[in-house]
Amino acid sequence: LRMPYFILCVFASLPHMERGVAKVLGGDPKGNNFLYTNGKSVIIRNIEVRRKEYLGFSDERQLCLRRFGAVFLWDSGSSVGEIVGHSKIINSVDIKQTRPYRLVTGSDDNCTTFLEGPPFKFKCTISDHSRFVNCVRFSPDGNCYASAGADGQIFLYDGKTGEKLGSLGGEKAHDGGIYAVSWSPDSTQLISASGDKTVRLWDVGSGVAVSTFNLGSDVQDQQLGCLWLKNHLLSVSLSGYINYLDRSNPDRPLRTIKGHTKSIQCLTVHKADGRSSIYSASHDGHINILQMTVDESEHLVTCSMDDTVRYTDLSKREYSASDVVKMDMQPKCVSVGPGGLAVTVCIGQLVLLKDKKKLFTLDSLGYEPESVAVHPGGGAVAVGGADGKVRLYAVQGNTLKDDGKVLEVQGPVTDMSYSQDGAFLAVTDEKKVITVFTVADGYTEKSEFYGHHAKVVCLSWSPDNEHFATGGMDMMLYVWTVSDPDKRIKIPDAHRLHHVSGLTWLNTNTLVTTSHDACVKQWTLRI
């Protein structure tokens with residue numbers, strides 16, 4: 001059966017990072033892919049991929065090594081030992097990949113434990129570190145293992161007996177805590193990632209640092225993870241950025257993968273010079289952008305929890321302090337129209353803007369506005385309220401005037417938008433219903449669309465003006481046909497375990513979605 005949709009590509013999230021917490025990067029045995037986690041998702045990336053990244057899988061099941069740990073066969077679940085010897089949380093574990101098998105762990109109790117097996121049994125506790133042990137790793141040949149800690153030290157031990165062999169860098173390997181180490185494929189070198197914002201490349205035989213990679217000076221440049229995969233040296237910063245390190249130029253990475261680490265709130269598309277660009281906004285900055293759109297003068301218009309509406313020139317892609325409009329109350333959403341027109345819904349207020357300036361504020365509304373849509377013609381503005389009503393306003397000069405016309409929907413309005421030709425107004429609500437009004441007959445004709453099992457939170461019109469898409473708290477994505485409410489494309493679990501938080505169209509057959517999984521997906525639709 002030919003599916004009516006398929007995923008074209010996924011722009012995957014970056015690792016979710018916490019200050020002072022190591023991030024594990026893993027690599028496959030062939031050295032072609034690396035992986036990491038973000039919330040409930042596991043992201044698998046091709047080590048060579050530059051433009052498009054792909055999401056591996058997402059699952060709620062997880063193995064937690066807290067104060068105690070267990071060892072089991074991954075395919076059968078059979079127990080092959082128990083991890084004992086620690087009094088606090090276990091931060092890291094590694095298994096020797098050559099015979100005789102060994103297992104080592106590192107903990108917040110400043111100790112490592114060494115186990116022999118299988119079945120794995122406790123042999124000894126090693127207390128060389130003076131602070132938390134963040135990472136333990138066996139060399140690929142199994143001859144030794146390294147432990148790295150918050151005390152800035154890296155110790156080396158015999159992989160078979162656990163006997164201490166020495167340390168790297170003398171008294172200290174780094175000026176800050178060390179969060180991760182990763183061995184070279186030939187076991188002669190390793191890299192270490194530190195809170196001092198550097199990654200160091202070590203010659204294990206001599207215990208000397210061959211190179212020091214400087215990744216910046218900001219707190220967000222702290223290095224919390226690293227991976228040596230084939231000829232690639234990777235590190236991950238507190239910002240979540242993934243750095244490809246350059247051995248010939250330690251002060252500048254070969255490239256840096258940037259993206260989102262936290263839930264994405266909204267997105268929009270801008271087309272220029274035959275190319276389409278997707279813009280997305282997330283919680284991973286200091287300011288939470290609530291909504292954004294692009295006006296006809298090619299400015300990205302955003303509103304945020306910092307009580308501002310900001311205009312960004314997309315030709316320059318730079319913020320300008322002069323293009324910020326301060327609101328009296330916190331804005332919720334913004335919609336743009338022709339001629340530099342924009343209307344912002346704030347708490348208890350409607351604000352009319354033109355050419356980056358505030359013209360008119362309407363307050364004492366008698367209802368709480370939640371969403372706004374400016375008609376493509378610019379003369380009309382629809383405002384959706386928490387009372388389940390849509391009110392129509394007219395733009396008259398520099399003011400907004402209430403038309404006195406009220407449209408009823410099933411519940412509190414969550415989102416709304418005019419079709420691109422201005423023929424229809426679609427409204428979503430908390431009662432799981434989408435209502436489409438026909439503009440030409442004075443909004444008297446309407447159609448209702450049912451299918452979502454939970455609150456509908458976002459919608460977007462296709463450029464063909466015949467289809468529109470909606471996303472809900474039920475993790476469902478629907479593509480509807482205006483002329484036939486029963487004709488629809490249903491995409492269940494569009495963002496696995498997360499609801500769709502934003503929608504936009506690249507063209508009539510390509511839909512872009514985003515979610516709290518911090519990923520952006522492109523869907524090809526067979527409409």
Side-chain angles (χ1 to χ4, degrees), residues 266 268 291 293-296 332-338 341-345 350 352 362 365 367-396 400-452 455-472 478-485 487-488 502-505 508 511:
C266 51
T268 192
Q291 192 180 46
T293 186
V294 178
D295 65 15
E296 62 181 15
K332 297 180 180 181
C333 58
V334 62
S335 179
V336 299
L341 182 72
V343 178
T344 302
V345 163
L350 303 178
L352 177 66
L362 190 62
L365 300 174
Y367 68 97
E368 184 56 42
E370 297 292 342
S371 186
V372 62
V374 178
H375 190 274
V381 176
V383 179
D387 58 358
K389 294 179 173 61
V390 176
R391 292 165 175 85
L392 299 178
Y393 295 83
V395 179
Q396 294 185 352
L400 281 176
K401 183 180 179 181
D402 190 342
D403 266 358
K405 192 172 186 63
V406 178
L407 312 178
E408 299 279 350
V409 294
Q410 296 295 325
V413 176
T414 56
D415 198 10
M416 60 196 307
S417 178
Y418 282 100
S419 58
Q420 295 183 23
D421 62 1
F424 302 102
L425 172 66
V427 183
T428 64
D429 63 50
E430 290 188 6
K431 298 297 184 180
K432 305 173 284 189
V433 182
I434 306 102
T435 307
V436 176
F437 297 89
T438 303
V439 175
D441 66 357
Y443 300 86
T444 57
E445 182 183 338
K446 67 178 182 179
S447 302
E448 293 180 338
F449 297 75
Y450 297 87
H452 284 284
K455 179 170 71 174
V456 189
V457 295
C458 55
L459 73 87
S460 180
W461 281 93
S462 166
D464 66 10
N465 300 302
E466 172 65 9
H467 300 88
F468 64 94
T470 58
Y478 281 95
V479 179
W480 308 90
T481 304
V482 175
S483 59
D484 185 357
K487 185 180 180 181
R488 61 196 181 188
L503 298 164
T504 192
W505 295 74
T508 55
L511 182 64

May I ask you to check whether Thr428 and Thr414 show a side-chain donor-acceptor distance below 3.5 Å? yes
If you look at every heavy atom in [X] and [Y], which pair is closest and at what distance?
X: Trp505; Y: Pro463; value: CB-CD, 3.9 Å
X: Asp421; Y: Asn465; value: N-OD1, 3.1 Å
X: Leu459; Y: Ala426; value: CD2-O, 3.7 Å

Which pairs of donor and acceptor atoms, one on a side chain in residues 374-381, lie under 3.5 Å apart (sequence neighbours left out)?
residue, atom, partner, partner atom, Å
His375, ND1, Gly377, N, 2.9
His375, NE2, Gly422, O, 3.0

Check this for me: Lys401, atom NZ, are more than 12 non-hydrogen atoms of other residues, nucleotides or ligands nearer than 6.0 Å?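 Open: at most 12 neighbouring heavy atoms sit under 6.0 Å from NZ of Lys401.
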Sub-6.0 Å ring centroid separation between Phe468 and Phe449: yes
To the nearest 0.5 Å, how far apart are CG in Asp429 and OG1 in Thr435? 6.0 Å
Counting N and O atoms only, with roles assigned by atom type, does the side chain of Lys432 sit under 3.5 Å from a partner on the main chain of Gly472, one being a donor and the other an acceptor?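 No, Lys432 side chain to Gly472 backbone: no donor-acceptor pair under 3.5 Å.
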Could you check if a side-chain atom of Leu341 sits within less than 4.5 angstrom of a side-chain atom of Leu352, using non-hydrogen atoms only?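 Yes. Closest side-chain heavy atoms under 4.5 Å.
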According to side chain to side chain donor-acceptor pair (under 3.5 Å), who are the partners of Glu430, at least two apart in sequence or on a separate chain?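 Here no residue qualifies.
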Could you note down all residue pairs passing side-chain hydrogen bond (donor to acceptor under 3.5 Å, both in side chains) where residues 439-450 supplies at least one of them, sequence neighbours left out?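 Sorted result for residues 439-450: Gln410-Glu448, Tyr418-Tyr443, Asp441-Thr444, Glu448-Tyr450.
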